[in-house]
Amino acid sequence: MLDASAAADWLLPGPRSAGVDAFVRPSARRIAPDLIFAEFASVAIKLVRRNQISRTIAHDAVRRLPRLIDEVAPLDTLAGSAYALAERHAFSAYDAFYLALALKRDLALVTADAKLARSATEGGLARHVRLVPPESRP
C-alpha cells in the first residue's frame, strides 16, 4: 500500500525515492485509503503554485492516480482505528488513516515521509512502514 508522498514521488517530476519503482511495478497490487486522492491533489497544486511543475503535468498526474490504485479503502471503515492511532502515537490524523489501513491488512505502508516512518518506528509499528529515502533521478 502507498501514501500520497510515495504516489507523488512516483507520478510527479523531481527527485525519486529509491525503491518506489520496485513497488509500483506492474505486478504489484496498490492499495490506499481514499484520502490519497485529496492529499495527492494538494501536493500537485502546491508544486504548480511554486512553479516547480507545470499545470499540465500536475493535471495529468491527478487524473492518472485513480487508474493506478487497484483498491481504495473508504475512510469511514478506518476512522475509529485512525483516531486511536493518532491519539496514542501523536500521528497526524491523515497519517493515521494510512497506518490504520496498513495494520488492518497487515501490510507495509510505502512512504517517502521520513517523519512518518520515524514516528511509526518509535511507536513500535516499524514492520508496517517502509521508507523509501530520496535519491536523485539518473
Side-chain angles (χ1 to χ4, degrees):
M1 69 169 283
L2 74 159
D3 71 359
S5 69
D9 193 63
W10 176 30
L11 293 172
L12 296 171
R16 173 162 249 148
S17 294
V20 168
D21 285 333
F23 175 73
V24 297
R25 66 191 184 280
S27 63
R29 182 155 171 79
R30 293 173 290 274
I31 301 169
D34 58 8
L35 175 64
I36 194 169
F37 303 115
E39 285 201 309
F40 186 83
S42 179
V43 168
I45 198 64
K46 282 180 188 175
L47 293 173
V48 168
R49 289 177 180 160
R50 293 177 185 160
N51 294 315
Q52 292 177 297
I53 63 172
S54 71
R55 288 179 176 184
T56 302
I57 288 171
H59 187 258
D60 181 57
V62 168
R63 283 192 2 240
R64 287 179 55 214
L65 181 61
R67 295 189 308 263
L68 299 172
I69 303 295
D70 299 306
E71 182 183 343
V72 178
L75 295 184
D76 63 339
T77 65
L78 302 169
S81 298
Y83 179 83
L85 282 167
E87 184 178 46
R88 187 176 319 121
H89 298 286
F91 295 120
S92 73
Y94 301 107
D95 289 345
F97 273 98
Y98 292 100
L99 288 166
L101 181 57
L103 291 168
K104 181 177 182 177
R105 299 291 182 88
D106 196 26
L107 298 170
L109 168 62
V110 175
T111 183
D113 184 338
K115 181 181 174 191
L116 167 59
R118 185 175 49 257
S119 295
T121 298
E122 290 168 359
L125 303 172
R127 76 180 194 92
H128 291 286
V129 178
R130 188 171 117 210
L131 176 65
V132 285
E135 178 179 279
S136 297
R137 289 182 192 258

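Computed from heavy atoms alone, side chains included, the values below leave out hydrogens, waters and symmetry copies. Small disclaimer: the values here were computed from a predicted structure and weren't measured. Starting from 1, each residue takes its place in the sequence as its number.
- Closest of all the heavy-atom pairs between A112 and L131 is C-CD1, 3.9 Å.
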Give the table of side-chain donor-acceptor pairs shorter than 3.5 Å for residues 57-68, with sequence neighbours excluded, one pair per line with atom names and distance.
{"from": "H59", "atom 1": "ND1", "to": "R63", "atom 2": "NH1", "distance (Å)": "3.3"}
{"from": "R67", "atom 1": "NH1", "to": "R63", "atom 2": "O", "distance (Å)": "3.3"}

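- A heavy-atom distance below 4.5 Å is not found between the side chains of L99 and H89.
- At a threshold of 4.5 Å between non-hydrogen side-chain atoms, the residues W10 and V110 do not count as touching.
- Rounded to the nearest 0.5 angstrom, K104 NZ and M1 CE are separated by 11.0 Å.
- The main-chain N or O of R30 is found under 3.5 Å from a side-chain atom of D70 such that the two form a donor-acceptor pair.
- Of all non-hydrogen atoms in T111 and A117, the two that sit nearest each other are CG2-CB, 4.4 Å.
- With sequence neighbours left out, the side-chain contact (heavy atoms from CB on, under 4.5 Å) criterion links T121 to A126.
- Nearest approach of A100 to A82, heavy atoms of both residues: CB-N, 3.8 Å.
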message = As a quick check of understanding, evaluate side-chain contact (heavy atoms from CB on, under 4.5 Å) for I69 and L2, giving each step before the final call.
response = CA-CA 9 Å; I69 303 295; L2 74 159; 3.7 Å; yes
Distance-only donor-acceptor hits, side chain of residues 32-48, under 3.5 Å, sequence neighbours excluded:
{"from": "D34", "atom 1": "OD1", "to": "L75", "atom 2": "N", "distance (Å)": "3.4"}
{"from": "E39", "atom 1": "OE1", "to": "Y98", "atom 2": "OH", "distance (Å)": "2.7"}

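- For the atom pair CG of D3 and CG of L109, the computed distance is 5.0 Å after rounding to the nearest 0.5 Å.
- Taking 4.5 Å as the limit, every side-chain heavy atom of D95 sits out of range of all side-chain heavy atoms of K115.
- Here S119 contributes atom OG and L85 contributes atom CG; the two are 12.0 Å apart, rounded to the nearest 0.5 Å.
- The closest donor-acceptor contact from the side chain of H128 to the backbone of L107 lies under 3.5 Å.
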